[in-house]
Amino acid sequence: MRVLVTGGAGFIGSQIVDALTARGHEPLVLDVRRAPGADVRNPAAVARALSGVDAVCHQAAMVGLGTGFADAADYVSHNCLGTAVLLTAMAEAGVRRLVLAGSMVVYGEGRYECPRHGVVRPGPRAVADLDAGRFEPACPLCGADLAPGLIGEDAPADPRNVYATTKLTQEHLAAAWARDTGGSAVSLRYHNVYGPGMPRDTPYAGVASFFRSALARGEAPRVYEDGRQRRDFVHVRDVAAANVAALEASPPGGTLTAYNTGSGEPHTVGEMAHALSAAHGGPEPVVTGEYRLGDVRHITADSARLRTELGWKPEVSFEEGMREFARARLREA
């Protein structure tokens, strides 16, 4: 299969290229890192790249929480306009298979259960609570403490920042393309991806990169809030394998299917920072009590659908992955 990988020179995209090659496929790369004009927002460049292609693995995006609402136009341009240009060109070229780099951020907060009211959806956390160090969301009906759990793909979308909004928009555009063309679209909703080749020292990278970059400078990782926020850290090679599985599957046409892509094993941000520091031999993490408005408290994946329907399972354990990542080379932003 000839597969166009947009963003194929990036952190995740480059691993997908390697995984496709290992499976005997022919990956082609469209990435501004390789050529300034190779941008998914450039219709001519996209049309040329799609020649003779059987499927598209769309990884190109502006990622991360960013630096505030001032980035909104850039996020919309790269993620929404870029996806619209790509899908338009795919429709014209007759390419009918898409795998999209989705994200857990479309859910907003994760799954919570109240002892009295069952499963509930807390709203965005109040600034006054965050300033006071009250980081846990309460039941919106009675104010009781909530128990976090694994979130499934059928949970309602509730994006809490600009980046999250653009990732959900990408899914809506892909679904509209699938309905219009009869094509098959899969969105792999990545959880916290980490591993060799993560970009260093950029406000758009993930928390694992922040901590690893600090350790490379001989500094202690700075952990926001109280460090007890739960995430699902999934290794980049496992994410690449999920993309290959989705490309080789035969999902139904005319619709978009979403799959959580995570390890299925929740860990706190504090646990990750300590594991990384220990493996690196660097300073112990510092819990700051600071916060980023727009961050959510707990978000962890139920990836059962991906395992059951596509036969995928993660191979890299948290402990093994952190040991490798502690010494892995980071790429320049």
Side-chain angles (χ1 to χ4, degrees), residues 7-19 31-34 59-68 71 74 78 101 103-105 163 190-240 261-263 265-292 294-295 299 314-333:
F11 166 47
I12 299 174
S14 61
Q15 294 276 356
I16 294 171
V17 168
D18 290 345
D31 196 304
V32 291
R33 297 172 185 85
R34 295 215 174 156
Q59 305 296 310
M62 185 174 177
V63 301
L65 185 58
T67 57
D71 293 321
D74 283 341
H78 284 86
S103 176
M104 65 173 188
V105 295
Y163 171 61
Y190 301 160
H191 283 246
N192 287 72
V193 186
Y194 74 97
M198 283 194 87
R200 70 166 72 239
D201 295 326
T202 166
Y204 301 96
V207 64
S209 178
F210 295 160
F211 294 166
R212 177 65 179 78
S213 295
L215 289 166
R217 297 190 301 268
E219 300 172 3
R222 294 178 59 81
V223 180
Y224 284 166
E225 301 187 15
D226 57 5
R228 296 174 184 165
Q229 54 271 51
R230 290 158 49 106
R231 296 290 186 269
D232 186 317
F233 299 101
V234 58
H235 196 278
V236 65
R237 288 195 297 273
D238 287 331
V239 169
T261 307
S263 71
E265 296 182 359
H267 290 274
T268 68
V269 172
E271 286 173 342
M272 190 269 284
H274 280 283
L276 200 54
S277 292
H280 189 274
E284 284 288 299
V286 175
V287 177
T288 67
E290 298 170 358
Y291 64 86
R292 296 192 305 176
D295 273 348
I299 175 73
E315 300 291 345
V316 183
S317 70
F318 177 78
E319 294 76 15
E320 175 190 352
M322 288 299 154
R323 285 194 300 269
E324 178 197 31
F325 185 50
R327 298 293 178 182
R329 184 178 179 179
L330 301 181
R331 70 167 62 212
E332 299 302 321

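We number each residue from 1, following the sequence as shown.
Proximity of a side-chain donor or acceptor of His78 to a complementary backbone N or O of Asp74 within less than 3.5 Å is detected. At least one donor-acceptor pair under 3.5 Å links the side chain of Asp31 to the backbone N or O of Ala9.
Inspection of the Gln229 and Tyr291 side chains reveals no N or O donor paired with an N or O acceptor under 3.5 Å. Side-chain atoms of His235 and Glu320 form no donor-acceptor pair, as typed in the model, at a separation below 3.5 Å.
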Please evaluate residues Phe318 and His267 with respect to the criterion ring pair (Phe, Tyr, Trp, His ring centres under 6.0 Å), reporting the C-alpha separation (whole Å), side-chain torsions for both, the decisive distance (0.1 Å), and the verdict. CA-CA 9 Å; Phe318 177 78; His267 290 274; 3.8 Å; yes

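Considering only heavy atoms from C-beta on, Val269 comes within 4.5 Å of Phe211 through its side chain. Between Arg231 and Ile299, some side-chain heavy-atom pair lies under the 4.5 Å cut-off. No side-chain heavy atom of Val234 sits less than 4.5 Å from a side-chain heavy atom of Tyr190. Annotation: side chain of Arg200 is not in contact with side chain of Arg212 (no heavy-atom distance under 4.5 Å). Ser14 places a side-chain heavy atom less than 4.5 Å from the side chain of Arg331.
Here the CZ-CD1 distance, from Phe11 to Ile16, works out to 10.5 Å after rounding to the nearest 0.5 Å. Rounded to the nearest 0.5 angstrom, Tyr194 OH and Met322 CE are separated by 4.5 Å. Taking CG of Asn192 as the start and OG of Ser263 as the end, the distance is 9.5 Å to the nearest 0.5 Å.
Nearest heavy-atom pair, Met198 versus Ser209, reported as atom, atom and distance to 0.1 Å: CE-CB, 3.7 Å. When all heavy atoms are compared, the tightest approach of Pro196 to Phe325 is N-CD1, 4.2 Å. Closest approach of Ala279 and Ala326 over heavy atoms only: CB-CB, 3.5 Å. In plain terms, the two heavy atoms of Pro221 and Pro283 that are nearest each other are CD-O, 3.8 Å. Counting all heavy atoms, side chain and backbone alike, Val223 lies closest to Pro285 at CG2-CB, 3.9 Å. Looking at every heavy atom in both residues, Val63 comes nearest to Tyr163 through CA-CE1, 3.6 Å.
In this structure, Arg329 places its CZ atom where only 12 or fewer heavy-atom neighbours from other residues, nucleotides or ligands lie under 6.0 Å away. Around atom CZ of Arg230, more than 12 heavy atoms belonging to other residues, nucleotides or ligands sit under 6.0 Å away.
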